[in-house]
Structures are given as C-alpha cells and as structure tokens.
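Following: one structure in structure tokens, then a few remarks.
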Amino acid sequence: MKLKQIFIALLFALVTLSSSAYAEGHDETTVHQEESTTKKAYQPKTLSELASSFWETTGIKAIFDTNDGEMSADPAGEAKEHKLGAFESSFGRIIMILIVFTLFYLAIAKGFEPLLLIPIAFGGLLANIPLAHMAGPEGMLGVIYNMGIANEFFPLLIFMGVGAMTDFGPLLANPKTALLGGAAQFGIFGSLVGAVALGFDIQDASAISIIGGADGPTSIFIANRLAPDMLGAIAVAAYSYMALVPVIQPPIMRALTTKEERQIKMGVQRPVHRLEKLIFPIIVLMLSIMVLPESTPLIGAFAFGNFAKESGVVDRLSDTMQNSLINTVTIFLGLGVGSKLAADKFLVLESLGIMIIGLLAFSAGTAMGVLMAKLMNKFSKEPINPLIGAAGVSAVPMSARVVSKVGSEEKPGNILLMHAMGPNVAGVIGSAVAAGVLLSIFK
Amino acid sequence: MAEVNYVVEALKFMVLGMGVVFLFLFILVKVVELQAKLIAKYFPENTPPTPAVPAVNVTEDENRRVAAIIAAVTEFRNKKS
C-alpha cells in the first residue's frame with residue numbers, strides 16, 4: 001500500500017512540476033539543470049524536485065517540448081553549431097529515426113549492402129538521440145567523425161583495403177575493356193551539368209555528381225574537399241545507390257541491348273603473368289603522378305594495397321588490409337557518416353536534390369558504359385558482350401556480379417563475371433581520375 | 001546570364017574530365033599491352049611454372065614422404081615377422 005501511495009505522489013508531483021516548469025520558461029530551467037549536474041555542490045532536494053529534474057532529462061520531454069534551446073550537434077565544433085528549430089528537434093528527429101528503420105529493413109530483409117547500411121543507419125539512430133550529443137564534438141560519433149572523416153583518412157584506408165582485395169588479372173588479360181570503365185564516368189560529368197542546371201552551386205554540383213562513379217570512398221573524399229556541408233547526404237546517396245546496383249542497373253542494361261547482344265559469349269581469358277600483376281599498380285601510380293597528382297592519395301592507397309597483395313611476400317599485411325583493417329574502418333566510417341544523418345543536417349531540401357541527381361548520375365554512367373561496349377563490339381575482332389559495359393561504374397564487385405547474373409539469365413552457362421571485372425576495376429581507377437580532375441578545377 | 005554561364009562551365013568540365021579519364025585509361029591500356037609483350041618476350045612461359053613449380057615440389061615431397069612411410073612400415077613388418 002505504501003509503495004502505491006508513494007508512486008501516486010510521485011506522479012502527481014511530476015505532473016504539477018512539469019507544468020510549472022513550462023510556465024516559468026524552459027530555457028532557463030534546462031540551462032540551470034545542465035550546470036547543476038556538473039559544477040554546483042549538491043543541495044538537498046525534495047522528492048518532487050528530483051522527479052522533475054529527472055523529467056527534464058527524459059527523451060520524451062526533449063522530443064515533445066521543442067523549445068529547449070538545444071544546440072545542433074555538429075562535429076566541426078562550436079563555431080558551426082546553431083540552435084535547433086522546433087521542427088528539427090521534434091518531428092525531424094522522429095522522421096530521421098523512421099528513415100533509419102527503413103535503412104535497417106533494406107539492409108536486413110533485402111540484403112542491400114548490409115555491411116555499410118547497418119553502421120550508417122545505427123550511427124544515424126544514435127545521432128538523433130536528444131540531449132545525448134553523440135554527434136557533437138565530444139560525443140562518440142563526433143570523435144569518430146573528426147578522427148577519420150573530416151580529414152579524409154578513412155576513405156583512403158578503405159581504398160587500401162579495396163586495392164588489396166582487387167585482382168587485376170581480368171583487366172590485364174583484356175586491357176581494352178578498361179575503356180568501358182572510362183565511359184561509365186560519363187555519369188559523373190553528365191550529372192554535373194544536370195545539377196548545375198537545377199541550380200546547385202557549381203562546386204556543390206561537382207561533389208554531388210561524383211556519386212555517379214558509384215564509389216563510396218571517393219564520394220566522401222570529394223565531398224569533404226568541395227562541399228563538407230553536404231557530406232551526409234552525399235555519402236548516404238552514394239552508398240545507397242551502391243547497395244541498389246542490383247535494382248537500378250538491370251532494367252537499363254536490358255533497355256539498351258538486344259537479346260542477341262546479351263547472349264554473346266566471350267572467349268576464355270589468357271593467363272596473366274605474375275610479373276604483369278606485380279608491375280601494374282606501379283604503372284597506375286606512375287601514370288597518375290604524371291597526369292594528375294591530385295588524385296594520388298586515392299590511387300596511391302589503392303596501389304599500395306594491391307602491390308602488397310601481388311608482391312606475395314607480405315601476406316600478413318595484405319591479409320590485414322583486406323580483412324581486419326577494412327572491417328574496422330568500415331565500422332568507423334559507417335558510424336561517422338551516420339552522424340550526418342542528424343535531423344538538422346539531413347532534412348533539408350538539398351538532400352532530395354542530391355538523391356535525385358545521384359540516381360540520374362548512376363543511371364547515366366550505366367547507360368554510357370553499355371553503349372560504349374556496344375560500340376566496341378561493332379569494331380572489335382573478339383566479341384564483346386555489351387552487358388559488361390554496365391560494370392564500368394566502380395561499385396566493385398557488385399556491378400560485375402549483376403552483369404554476370406543478367407548474362408546467365410539470358411543464356412545459362414554464359415559466365416561473364418571475369419570479363420566484367422575488367423571494366424569494374426578500371427571504373428575504380430576511372431572515378432579516382434575523374435575525382436582528381438574535379439579537384440584540380442577547384443584548387 | 002550567369003546561370004547559362006554555369007551550365008556552359010559544367011559542359012567544359014565534362015569535356016575536360018572525360019578527356020582526361022579516357023586519355024589516362026588509353027595510355028594505361030597501351031602501357032599494359034606493351035608490358036605484356038615485353039614480359040612475354042623476356043620472361044617467356046613463366047606463368048605455368050610459377051604456380052606449377054611449388055605444386056610439383058609439393059607432390060614430389062608428398063610422394064617421397066609416402067614412399068618413406070611405406071618403406072618404414074614394410075621394414076617394421078619384416079622385422080616383426
């Protein structure tokens with residue numbers, strides 16, 4: 001009985017006090033309360049005071065009592081913080097949390113790139129927690145963000161791991177297919193024109209259009225340099241389109257090719273000498289040093305990873321790069337990018353534009369790759385299945401797998417995977433080169 | 001006027017960007033083809049031996065080991081009987 005009485009009294013006190021707190025003006029009370037937790041010596045409190053101070057710190061109040069003057073959680077520090085609007089700190093958060101749950105659904109039930117979407121979405125969930133400031137400069141997500149994303153470190157580590165995972169054998173066996181990886185970069189520059197026409201600032205437009213390369217790390221790298229404010233939306237768009245490769249690409253591929261073309265069988269690839277594979281990363285690096293040193297951070301990390309793999313004498317290192325290191329960095333990168341899913345960063349009209357332009361960029365890249373492959377098939381002695389052009393976007397190895405799947409659906413037993421890997425890895429190099437060109441323009 | 005200008009600028013970027021990307025990949029293709037020729041000329045047919053040499057060694061080792069084991073077992077049995 002006593003317990004029940006105390007409980008009722010507590011509830012009563014809570015209701016009256018919270019309403020009185022409303023009346024007095026909430027800004028003062030929250031500020032006062034925050035200070036008292038850190039500095040002031042403890043003073044005896046009545047039970048109702050305790051209950052009310054607890055109520056002040058609940059998420060329910062923080063979400064529904066919108067005028068609490070909370071600051072935006074920007075990892076860049078105090079200079080960039082602004083007071084959250086009523087919408088951002090209430091319904092904005094709820095909307096973002098719903099978006100996050102949609103991402104969870106896509107990752108788990110649909111299997112869309114779960115390795116990235118899960119950390120990104122969970123980072124987004126944490127970033128939208130009221131009062132906790134997890135995405136702020138001192139919060140966990142903010143620390144991660146400042147540690148490796150704000151200074152472009154994590155994307156380079158990812159590139160290193162991708163390099164260590166990439167086998168250039170298919171590209172070396174049939175070097176001409178590298179040009180397909182170049183054609184697909186049309187997605188980047190085509191959508192750049194589109195974004196500018198839509199009214200984006202030309203520098204922002206460049207950062208957005210790199211999504212067309214379908215390369216997450218490159219997109220983050222460029223967004224950081226050219227449009228840091230849009231990093232969240234750009235990274236989310238880039239990674240979601242990478243995840244949506246199996247949905248976006250096949251219709252475009254089918255629309256642009258005839259049935260006979262899709263059924264073309266490609267010959268067996270020649271065996272590749274070990275020395276060729278060993279020298280290749282050095283050649284790529286030398287070329288990029290001569291042509292555009294701007295993109296050597298990306299290509300350099302990539303070449304290092306690949307060289308370590310092909311040298312064959314540092315298996316421990318290359319093993320670390322392609323497994324533990326890239327996994328660790330993926331966790332950090334995902335959480336850090338997720339911190340940009342905070343309501344005040346993501347729920348702006350620009351995000352919608354970014355998503356749309358990103359989709360166009362990606363589709364244009366796919367289409368151009370397929371068309372280029374058709375053209376090459378006309379003039380080449382050996383038959384080239386136009387489907388492999390779609391793998392020119394650099395989503396490794398998803399788009400190559402998609403190409404292979406579509407090919408074997410058209411003609412069972414027609415395995416295009418290795419042939420598609422050529423343009424696919426060339427696409428990685430191509431989008432890094434395109435990134436270097438964009439950087440050189442805005443130097 | 002200004003906006004028209006920007007679209008034209010973007011088109012220029014496109015020409016430059018696609019040009020550089022294709023040039024880069026074209027040079028890459030040529031260098032790789034040259035490299036393949038050179039390697040085929042100066043280090044001929046090294047591809048099958050490289051993986052094959054250790055493989056042969058392994059099987060030879062394996063055979064020797066098996067032979068040794070068989071010999072030991074027969075020896076042992078002979079002594080026993």
Side-chain angles (χ1 to χ4, degrees), chain A residues 168 171-186 188-197 199-202 205-206 209 270-276 278-280 283-284 286-288 290-292 295 312 368 372 426-427 429-438 440-441, chain B residues 1-70:
Chain A
F168 280 108
L171 180 64
L172 291 166
N174 198 355
K176 264 178 298 177
T177 56
L179 294 177
L180 298 174
Q185 307 313 320
F186 175 76
I188 294 177
F189 295 102
S191 62
L192 171 59
V193 178
V196 170
F200 274 99
D201 173 61
I202 198 155
S206 307
S209 60
R270 72 172 175 90
V272 175
H273 197 291
R274 182 170 165 254
L275 263 182
E276 288 179 62
L278 182 62
I279 298 172
F280 184 74
I283 293 180
V284 175
M286 288 300 159
L287 270 180
S288 73
M290 282 188 283
V291 179
L292 65 172
S295 65
M368 203 62 184
M372 177 85 183
I429 299 173
S431 60
V433 171
V437 173
L438 288 178
S440 77
I441 294 172
Chain B
M1 184 62 206
E3 277 168 40
V4 178
N5 241 342
Y6 277 123
V7 174
V8 173
E9 285 300 301
L11 284 170
K12 284 186 212 159
F13 290 6
M14 183 156 97
V15 172
L16 175 74
M18 290 308 283
V20 173
V21 169
F22 269 116
L23 184 72
F24 188 94
L25 290 173
F26 184 75
I27 299 173
L28 189 67
V29 169
K30 288 298 156 203
V31 174
V32 164
E33 281 172 355
L34 181 72
Q35 176 201 229
K37 265 182 207 157
L38 286 180
I39 287 176
K41 194 176 173 190
Y42 292 106
F43 304 91
E45 290 304 307
N46 217 356
T47 337
T50 346
V53 165
V56 168
N57 272 350
V58 168
T59 48
E60 267 179 13
D61 272 357
E62 207 65 30
N63 286 342
R64 276 182 206 153
R65 215 174 279 168
V66 170
I69 291 169
I70 290 172

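Here is how names work: the chains are called A, B, and so on, in the same order as the sequence lines, proteins then strands, and each is numbered from 1.
Heavy atoms of A:V193 lying under 4.5 Å from chain B belong to its backbone as well as its side chain. Only the side chain of A:I441 comes within less than 4.5 Å of a heavy atom in chain B; its backbone stays farther off. Contacts of A:M372 with chain B are made by side-chain atoms alone, with heavy-atom separations under 4.5 Å and no backbone atom involved. Proximity to chain B (any heavy atom under 4.5 Å) is restricted, for A:I202, to the side chain, taken from C-beta onward.
The line from CG of A:L275 to CD of B:Q35 is 8.0 Å long, rounded to the nearest 0.5 Å. One distance of note links CD of B:E33 with CD of A:E276; it measures 11.0 Å at 0.5 Å rounding. How far CG of A:L192 is from CD of B:E9: 10.5 Å, rounded to the nearest 0.5 Å. Taken to the nearest 0.5 Å, the CE atom of B:M14 stands 11.5 Å off from the OG atom of A:S209. Note: B:F24 CZ to A:L292 CG = 6.5 Å, rounded to the nearest 0.5 Å.
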So B:I39 and A:I279, side chain to side chain contact (heavy atoms under 4.5 Å, CB included) or not? Walk me through it.
CA-CA 11 Å; B:I39 287 176; A:I279 298 172; 4.2 Å; yes

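Of all non-hydrogen atoms in A:V196 and B:A10, the two that sit nearest each other are CG2-CB, 4.0 Å.
Note: A:S288 leads A:S288, A:G199, A:A205 in heavy-atom pairs under 4.5 Å with chain B. Interface remark: of the candidates B:L16, B:V15, B:I27, B:L28, B:L28 forms the most heavy-atom pairs closer than 4.5 Å to chain A.
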Can I get a per-line list of side-chain donor-acceptor pairs under 3.5 Å for residues 171-186 of chain A, giving both atom names and the distance, sequence neighbours left out?
{"from": "A:T177", "atom 1": "OG1", "to": "A:N174", "atom 2": "O", "distance (Å)": "2.8"}
{"from": "A:Q185", "atom 1": "NE2", "to": "A:G181", "atom 2": "O", "distance (Å)": "2.8"}
{"from": "A:Q185", "atom 1": "NE2", "to": "A:G427", "atom 2": "O", "distance (Å)": "3.3"}

